[in-house]
Amino acid sequence: MGYIEKRDILDYKFLSGLCVSSNGNRAVFKVSRACEAENNYQVQLYRLEVSEGGGRLSGALPLEGTVGVGDFCFVDPDHIIFSALKGDDRDRVAQGEFLTVFYSMNLNTGAVEERFRVPLKNAAIELAGPGRFLLTAVGIKDRPDVERMSGEEKERVLRELKAQSDFVVCDELPFMFDGRGYMNGQRRRLYLYCEADGRCIPVTEPLFETSQSAVDPEGRYIAYSGVTYDRFYVRSHGIYLYEIGTGTTKTLLAPGSFQIMGLGFLNGRLVVAAAPWNGEGAFPNHDLYTLALTGGRMEPVHFHREEDFGCKTCGDCKSGKMRTFQSQGGTLYYITTKGTGASINRWAPGELFQRLSGPDFLPDSLAVSGEVVWAIGSGGGLQEVYRRKGDGLWERLTNLNDSALENRTVSAPVRYTFTDRDGFSVIGFVIEPADYDPGKSYPGILEIHGGPRAAFTHGFFHELQYLAGKGYFVFYCNPRGSAGGGEDFADIRGRRGTVDYNDLMEWTDFVLDKYKSIDPKRLGVMGGSYGGYMTNWIISHTKRFAAAVSMRSIADLTGSYGATDCGAWGTPGVYGGTPWANDERLREQSPFTYAMNIYTPTLFLHSFEDHRCNVTGAMQMYTALQLKGVPTRMCLFKNECHELSRSGRPASRLRRLEEIGAWMDRYLKL
């Protein structure tokens, strides 16, 4: 048996996009696996079947002819429809055309045939009734209608568009978004495709940005949320109802008062995950409301005061499309984060809320048919597919990742709770090093999660297991500001670097007291995004750490304002102001202000295309420490975004882990 190594991540399978047939007996989902030779991920659809009584008929089987597919959905229990590009179609898209081709597969015979094609870019698909499909695709303002052209005119316009791709023109805000790149003029739009006549009907206007959408179970309506903008995007959205039969749209909720994060039809009304918001405050937690199909007042149903809406658990072994909110058969199913775990919940009008999963199961996404609930998640290991049985217990239906860990020793995280100086309970975990001997001395590493409204769990975390396998104690907690502890616990607006810093230092003291084997002179600290911010903050406010790794670094709140995808909205609420109105307050919370206090050898890791935390944060801190003479190294990744550690290209993920391990070894393994 060996311990977790950095290259083991090449063997993991990442599951996503779980869909279930209408009879609840079949599931189809995506499986992604790293391909080292091509430096990318191979994506393929898998299917899973159970009997009428719920027993498993077979293991998860790959569907031939589905490698590299895009989005997909069930048409009926025996057929799915998926998008793919082949041959000449792939070449046309490479030349700049917008095209999505959908294929139908018979799950009984495996036969595949082209179903239809639309002049849209990377369209996602959802069934909207017999012969009708709701498509979601990104449109570009003022782009010529290339797809209606032909011959020399088409070739000329494509050449012009390609020539223009070397520069970006911006005339609105935001002009970029992490993962989408520079997106000036782009809008996520809805279309209704009708197979009977081949029409692809726009549901939303060219300048409308869609946030959520849902199809009426009876195929009469499409509900959607979003906002129209021509210069400045507003994050508080309206809700609209499109009548499929007439093609008319009516406004149910005017934009400007709620942020919308979930939408579904429930017993002749809409059920909405929303938060009152004027677009300027901190990013809010979301509660449940209902809204009549005639419009009117948003009726509150349930407030999430002690938990967070959605799955906010941390990890580096999950990637892809995850559904956390679904209404089905008059009942709502959705995921919340509480404590150090996530739960699948069920609610129906007139009934009490019910938790369908316990603390030992960590769901990432759900899919429901009738009253049968499926999920992608884990019991502490890597992802698998689960199904809730009639007795309320969860049954694991796949073993796709068993072989990846069968010859590896995984150190189970040990859970601890302590009370901080303000009386709040803080929960954390300790992973003991490989071949741990209490009589020996070991280095330790404090890991800090991003967010900060996220939560560490007992789940499998490759990066942490890799460090433990190299002989480190790895300890991590959910300090003030984290998800899962309630609103009072999470609210650190305008106070970053204060109560959260205190919790992290008290947690470090707590762990050192529990484990006398940890050498207090050989401590490292590391984190990404908010964790990068706190790493920068810690090393500029204490000398107790002998090494640091700051990833997706946040350094100068004034200098980075306007250079990130959500900073214009997030900075005022999170940090308490703008550079013009509250410059002093922002500087007080900026690690860069205190850079001359740093003596800790520090490694900075950052992606060039990280639009969530601009690369200048790493560059600023690196430059300051170089000028000061502090041992410093910076590793920058081309063609990677904020998600480097979770969905970056295999070579980049391996190099990242190599850099972390080498830096900690250099300064902590004396």
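Just so you know, residue 1 is the first one in the sequence shown, and it goes up from there.
Remark: the Gln259 side chain and the His237 side chain contain no N/O donor-acceptor pair separated by less than 3.5 Å. Between the side chains of Asn345 and Thr336, a donor-acceptor pair is found at a separation under 3.5 Å. Side-chain contact, His642 with Ser529: a donor N or O sits under 3.5 Å from an acceptor N or O. In this model, a donor atom of one side chain and an acceptor atom of the other lie less than 3.5 Å apart for Arg187 and Tyr229. At a cut-off of 3.5 Å, with distance as the only test, no side-chain donor of Ser378 or Gln383 sits close to an acceptor on the other residue. Checked by atom type, the side-chain pair Lys318/Thr313 shows a donor-acceptor distance below 3.5 Å. In this structure, a donor-acceptor pair under 3.5 Å is absent between the side chains of Ser104 and Glu113. In the model, Asp171 has a side-chain atom that pairs as donor or acceptor with a side-chain atom of Asn184 under 3.5 Å.
Of the candidates Phe74, Phe116, Tyr191, Tyr193, Phe116 is the only one forming a ring-ring contact (aromatic ring centres under 6.0 Å, His included) with Phe133.
Listed for the Asn39 side chain is a donor-acceptor partner under 3.5 Å among the backbone atoms of Ala651. For Glu609 (side chain) and Asn639 (main-chain N/O), a donor-acceptor pair under 3.5 Å exists by modelled atom type. Looking at Ser83, its side chain does come within 3.5 Å of a backbone N or O of Asp71 through a donor-acceptor pair.
Taking the ring axis of Phe637 as reference, the NZ or CZ atom of Arg649 does not stay both within 45° of it and closer than 6.0 Å to the ring centre. Both tests pass for Arg612 against the ring of Phe177: distance under 6.0 Å to the centre and angle within 45° of the axis. Stacking of Lys86 on the aromatic ring of Tyr103 is recorded, both the 6.0 Å distance cut-off and the 45° axial limit being met.
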Between Leu63 and Tyr46, does a side-chain contact (heavy atoms from CB on, under 4.5 Å) hold up when you go through it step by step?
-> CA-CA 5 Å; Leu63 293 174; Tyr46 277 59; over 6 Å; no
Would you please test Arg92 and Gln95 for side-chain hydrogen bond (donor to acceptor under 3.5 Å, both in side chains) and show each step?
-> CA-CA 5 Å; Arg92 291 170 59 187; Gln95 293 300 314; over 6 Å; no
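Looking only at side-chain heavy atoms (C-beta outward), Ile140 and Phe98 come within less than 4.5 Å of each other. Side chains of Ile335 and Phe309 form no contact here, defined as non-hydrogen atoms less than 4.5 Å apart. Proximity of Val69 to Lys30: side-chain heavy atoms (C-beta onward) are separated by under 4.5 Å at one or more points. Side chains of Val372 and Val20 form no contact here, defined as non-hydrogen atoms less than 4.5 Å apart. Side-chain atoms of Asp610 and Phe608, non-hydrogen and from C-beta on, never get closer than 4.5 Å to each other.
Nearest approach of Cys200 to Leu135, heavy atoms of both residues: SG-CD1, 4.3 Å.
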